[in-house]
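Some notes on the structure that comes next.
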Amino acid sequence: MKEILLSNHKHGMLALVLILLLEAAAVGGIVWGIILLNSGIDLGGVYLAGGIVTLIVGLFLLPGLTVLKPQEALVLTLFGQYTGTLKGAGFYYVNPFSTAVNPAAKTRLNQSGDVSSPSNSAQQNAAAAAEAAGKRLSLKIMTLNNSRQKINDCLGNPVDIGIAVTWRIVDTAKAVFHVDNYKEFLSLQCDSALRNIVRLYPYDVAPNVDTTGDGVADDGSLRGSSEIVAGRIRDEIQQRVGEAGIEIIEARITYLAYATEIAAVMLQRQQASAIVDARKMIVDGAVGMVEMALERLNEGNMVTLDEERKAAMVSNLLVVLCGNHDVQPVVNSGSLY
């Protein structure tokens, strides 16, 4: 269904003035009819009946007056047929028999525009409820913060992850008529797209893992490639909600952690990996220092060491440089041999 914009209905003030004049004329006719009837003139009944009918017609015309604020839209139907959409701030007049449609008016999600502060007073809560029950569609940029999900990554490790999706309505007709409830539809598609993308990545960089689908292992991960993952999630959601007239502006990962049942084990694994990397760096540095010491001794001809003494020196230096605790030096006051 294609959106139809009603651009020639922005004359609510003129319609209001005409209705008020019509109502004033109806009241005048009723009063004049009563005066004529009291004077014994039969024509007064005609004025009285005409005034009453005109008054009722004016009351039926009043519901056609509609006020829209900036970034609001109203989808109208007439006897079940879609007639068009009002967009933009202004005072409009439409067919009084038209009905505004918004199936998601009362849907409350964890997103901007739907969340009320717990400190609000009863009057503010009532006003928010009344506004939520309205039929106007918000064209503002909204942020949907879906609940955290537990998803297995590509290695089978359970991961807790949450996303925030920034979206807006770009086609009111599709949003209202193509899906039953566009807010719930968006929320479900966000959950589904998140699961599909997270299953392609490991939590941390892992060997022999292809995250792009090109058959070549890469270094993609949920923790290290958050921008790329968020972009793929955004594209996945957009493909799913395009038929609902919704544009996905951005998707961001707001929470990422190992699930509770494996968090402690994975922390030990990360600590062990960090210890191994640190030890490797220490050993590399120690070996370099030993090589430098032997070269300096040979260059200056300070002392000549046979292979056995060199091996003992290397062993002692490595123990000193790679040990976890401070070494107590032992001074040899005798001969080396």
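All residue numbers in this chain count up from 1 along the given sequence.
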Report the distance from atom [atom1] of [X] to atom [atom2] of [Y], rounding to the nearest 0.5 Å.
X	Y	atom1	atom2	value
Tyr258	Asn157	OH	CG	5.5 Å
Ile163	Leu256	CD1	CG	12.0 Å
Cys190	Ile233	SG	CD1	9.5 Å
Met13	Leu65	CE	CG	9.5 Å
Ser98	Gln81	OG	CD	12.0 Å
Ile249	Trp167	CD1	CH2	10.0 Å

Does atom [atom1] of [X] have more than 12 heavy-atom neighbours, drawn from other residues, nucleotides or ligands, at distances under 6.0 Å?
X	atom1	result
Asp284	CG	yes
Tyr255	OH	yes
Leu22	CG	yes

Are [Y] and [X] connected into the same hydrophobic cluster when the rule is that any two of I, L, V, M, F, W, Y join if their side-chain heavy atoms are below 4.5 Å apart?
X	Y	answer
Val27	Tyr47	yes
Phe185	Val165	yes
Leu86	Tyr93	no
Ile151	Tyr203	yes

Please assess Leu200 against Cys154 for the test side chain to side chain contact (heavy atoms under 4.5 Å, CB included), listing each intermediate value before the final yes or no.
CA-CA 5 Å; Leu200 301 177; Cys154 69; 5.9 Å; no

What pairs of residues pass the salt bridge (charged side-chain N to carboxylate O under 4.0 Å, His left out) test when at least one of them lies in residues 150-169, not counting sequence neighbours?
Lys150-Glu261, Arg168-Glu247

The complete set of salt bridge (charged side-chain N to carboxylate O under 4.0 Å, His left out) pairs with one or both residues in residues 15-36, sequence neighbours excluded, reads none

Under 3.5 Å, is there a donor-acceptor pair linking the side chains of [X] and [Y]?
X	Y	answer
Thr85	Thr172	yes
Ser221	Asp219	no
Asn146	Asp191	yes

Walk me through whether Thr212 and Asp218 qualify under side chain to side chain contact (heavy atoms under 4.5 Å, CB included).
CA-CA 8 Å; Thr212 59; Asp218 52 68; 3.6 Å; yes

Exercise: identify the closest heavy-atom pair between [X] and [Y]:
X	Y	value
Leu139	Ile169	CD2-O, 3.9 Å
Leu59	Pro63	O-CD, 3.3 Å
Tyr82	Leu76	CD1-O, 3.4 Å

Kindly indicate, with the supporting measurements, whether the criterion salt bridge (Lys or Arg N to Asp or Glu O under 4.0 Å) is fulfilled by Glu3 and Lys87.
CA-CA 11 Å; Glu3 184 181 61; Lys87 280 187 178 181; 3.2 Å; yes

Full working for side chain to side chain contact (heavy atoms under 4.5 Å, CB included) between Glu250 and Arg234:
CA-CA 6 Å; Glu250 188 180 41; Arg234 183 257 174 206; 5.7 Å; no

In terms of side-chain geometry, is the basic nitrogen of Glu227 or Arg252 positioned less than 4.0 Å from the acidic oxygen of its partner?
yes

Could you go through Arg240 and Glu236, starting from their C-alpha distance and side-chain angles, then the distance that decides it, and tell me whether this counts as salt bridge (Lys or Arg N to Asp or Glu O under 4.0 Å)?
CA-CA 7 Å; Arg240 296 170 177 265; Glu236 180 81 8; 3.1 Å; yes

Side-chain heavy-atom pair Ile237, Arg232 within 4.5 angstrom cut-off
no

